[in-house]
Number of protein chains: 2
Amino acid sequence: MRNKKTSPLSGVTVLERLRDAGLRPTRQRLALAKILFARGHRHVSAEQLFNEAKSSRVDVSLATVYNALHDFTGKGLLREISIDSSSSYFDTNTGNHHHFYFERSGHLEDIPSEHVNISALPEAPGGAEITRVDVIIRVKA
Amino acid sequence: MRNKKTSPLSGVTVLERLRDAGLRPTRQRLALAKILFARGHRHVSAEQLFNEAKSSRVDVSLATVYNALHDFTGKGLLREISIDSSSSYFDTNTGNHHHFYFERSGHLEDIPSEHVNISALPEAPGGAEITRVDVIIRVKA
DNA sequence: AAGCAGTTTAGAATAGTTCTAATAATAGAT
DNA sequence: ATCTATTATTAGAACTATTCTAAACTGCTT
Ligand SMILES: [Mn+2]
Ligand SMILES: [Mn+2]
Ligand SMILES: [Zn+2]
Ligand SMILES: [Zn+2]
């Protein structure tokens, strides 16, 4: 049997992260989570993650990539961002923050929420509860 | 020959609006523009507009609806909004403003830009020019 | 009226995503 | 370790919003 801790720091951490979220740490989920959470925050599309998995010799189907992304999102490990309606991004940064969107490249870059000061938020009609506030700054680049 | 001014106020106005934008006022574009701009600001999807056209006995193809929406957007008569990656909305309000998004119904509601005070905007990396700032407040309703 | 560029159209094509239903793996109990 | 129920994975089909194609048509200028 293989050692469960394949990478210095992230191996066990990722496994625990999945367990804590109530997600079975399957081989596929572990591999994908490792790609997603190995280093700093990222914004990835399903296709991107699928390709990175293939590059890392992780044998996983596209359907599983979608399943995992949605499962992770459902458990709060990721956050889904729709910007250009052609595809979604999944953000490993689930904290309160905003984005620069580079229209040419399709690249997303985080803006810490402290750097954007929103005031005078109107109350949601009918006292509806606010789920999330997204600020997207589109830049021509 | 029919009277060009079919509706009390909007007939000629819509025609001029298209001409001023450099768009040929074809039968289809006129009919669609009339639906879009007849009354106050709206947020419509392509499919919605297509259906409204059919209801108004305007014979227009779906491809033309898409063409018109994009042409209008390109000329600044509409603004395209992507929220949920399943489809885009086209907004007849092209001025600076933001949105409430009602997740349950998919409805969009304008927020005047004066009601949202954004301060401390970080400079775009590399001095890139800001195209637009979108604030979307998602509410659970 | 003629000619041309711009527009419309039906239907095919595309692409991201979801679904299906069969197979496989996991967790927990024995 | 084995058994079992539950959950996950998968290939490929299906779905859906949107775009493309290329042929027919129309608005505009002369
Ligand atoms: Mn999704
Ligand atoms: Mn579009
Ligand atoms: Zn982010
Ligand atoms: Zn609006």
Side-chain angles (χ1 to χ4, degrees), chain A residues 1-2 4 14-35 43-54 57-75 77-78 80-90 106, chain B residues 1-2 4 12 14-33 35 43-54 57-75 77-78 80-90 106:
Chain A
M1 196 180 272
R2 293 264 181 67
K4 283 172 184 168
V14 164
L15 191 146
E16 282 170 352
R17 205 154 172 173
L18 294 183
R19 275 211 216 288
D20 291 353
L23 292 167
R24 284 191 185 175
T26 63
R27 182 176 56 77
Q28 292 86 344
R29 281 176 179 162
L30 278 168
L32 294 173
K34 222 172 269 180
I35 293 173
H43 307 94
V44 290
S45 68
E47 203 71 29
Q48 265 171 58
L49 181 56
F50 181 57
N51 287 328
E52 291 189 29
K54 283 198 289 197
R57 302 161 177 280
V58 174
D59 194 25
V60 64
S61 74
L62 182 57
T64 296
V65 169
Y66 275 103
N67 289 342
L69 286 171
H70 286 138
D71 292 343
F72 291 3
T73 301
K75 297 299 187 177
L77 268 44
L78 291 175
E80 190 171 358
I81 304 178
S82 291
I83 289 206
D84 123 318
S85 107
S86 66
S87 82
S88 338
Y89 290 91
F90 292 85
Chain B
M1 194 179 277
R2 295 263 181 68
K4 284 174 186 166
V12 167
V14 164
L15 191 147
E16 283 169 352
R17 204 154 171 173
L18 293 182
R19 275 212 217 289
D20 291 353
L23 292 167
R24 282 195 189 171
T26 63
R27 181 176 56 77
Q28 293 86 342
R29 281 176 179 163
L30 279 168
L32 294 173
I35 293 173
H43 307 93
V44 289
S45 68
E47 202 71 27
Q48 262 171 61
L49 181 56
F50 181 58
N51 287 327
E52 290 188 29
K54 282 198 290 197
R57 301 163 177 282
V58 174
D59 193 24
V60 64
S61 74
L62 182 58
T64 296
V65 170
Y66 275 102
N67 289 341
L69 286 171
H70 285 138
D71 293 343
F72 291 2
T73 301
K75 298 297 188 178
L77 266 47
L78 291 175
E80 190 171 358
I81 304 180
S82 291
I83 290 206
D84 126 312
S85 107
S86 67
S87 82
S88 342
Y89 290 91
F90 292 85

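Below, read A as the first sequence line, B as the second, and so on, with proteins coming before strands; counting in each chain starts at 1. Just so it is clear, the model here is predicted, and its values are computed rather than measured.
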Does some side-chain heavy atom of B/Leu77 sit less than 4.5 Å from a side-chain heavy atom of B/Asp71? no
In Å and rounded to the nearest 0.5 Å, what is the CG to CZ distance from B/Leu32 to B/Phe72? 6.0 Å
Roughly, in whole Å, what's the span from CD in A/Gln28 to C1' in D/dT10? 9 Å
From A/His70 atom NE2 to A/Leu78 atom CG, the distance as rounded to the nearest 0.5 Å: 10.0 Å
Divergence of helical axes at both termini of the helix from C/dA1-D/dT30 to C/dT30-D/dA1 - five pairs an end, 10° steps: 30°
Under 4.0 Å, counting only non-hydrogen atoms across every strand here, what does B/Asp84 touch: a base, just sugar-phosphate, or nothing? nothing
Protein heavy-atom contacts under 4.0 Å, written 5' to 3' over nucleotides 15-28 of chain D as B (base), S (sugar-phosphate only) or - (none), form the string --SBBB-----BBS
Value rounded to 0.5 Å, distance of CD1 in B/Ile81 from CD1 in A/Ile83: 13.5 Å
Sorted by chain and number, sequence neighbours left out, side-chain contact (heavy atoms from CB on, under 4.5 Å) with A/Arg27 holds for none
Under the side-chain hydrogen bond (donor to acceptor under 3.5 Å, both in side chains) test, residues paired with A/Ser87 that sit two or more places apart: none
Whole Å only: how far is the CG atom of A/Asp59 from the C1' atom of D/dA8? 15 Å
Any chance you could measure A/Thr26, atom OG1, to A/Leu30, atom CG, to the nearest 0.5 Å? 6.5 Å
Please find the earliest and latest nucleotides of DNA chain C, in the 5' to 3' direction, that have an atom within less than 4.0 Å of any heavy atom of chain B. C/dA5 to C/dA10
Between CG of A/Leu15 and CG of A/Asp20, what distance do you get to the nearest 0.5 Å? 9.5 Å
All side-chain contact (heavy atoms from CB on, under 4.5 Å) counterparts of A/Ala63, not counting sequence neighbours: A/Ser61
Quick one: pull up CD1 in B/Ile35 and CG in B/Asn51 and give me the separation to the nearest 0.5 Å. 10.5 Å
Pick base, sugar-phosphate or nothing for A/Asn67, based on heavy-atom distances below 4.0 Å to the nucleic acid. base
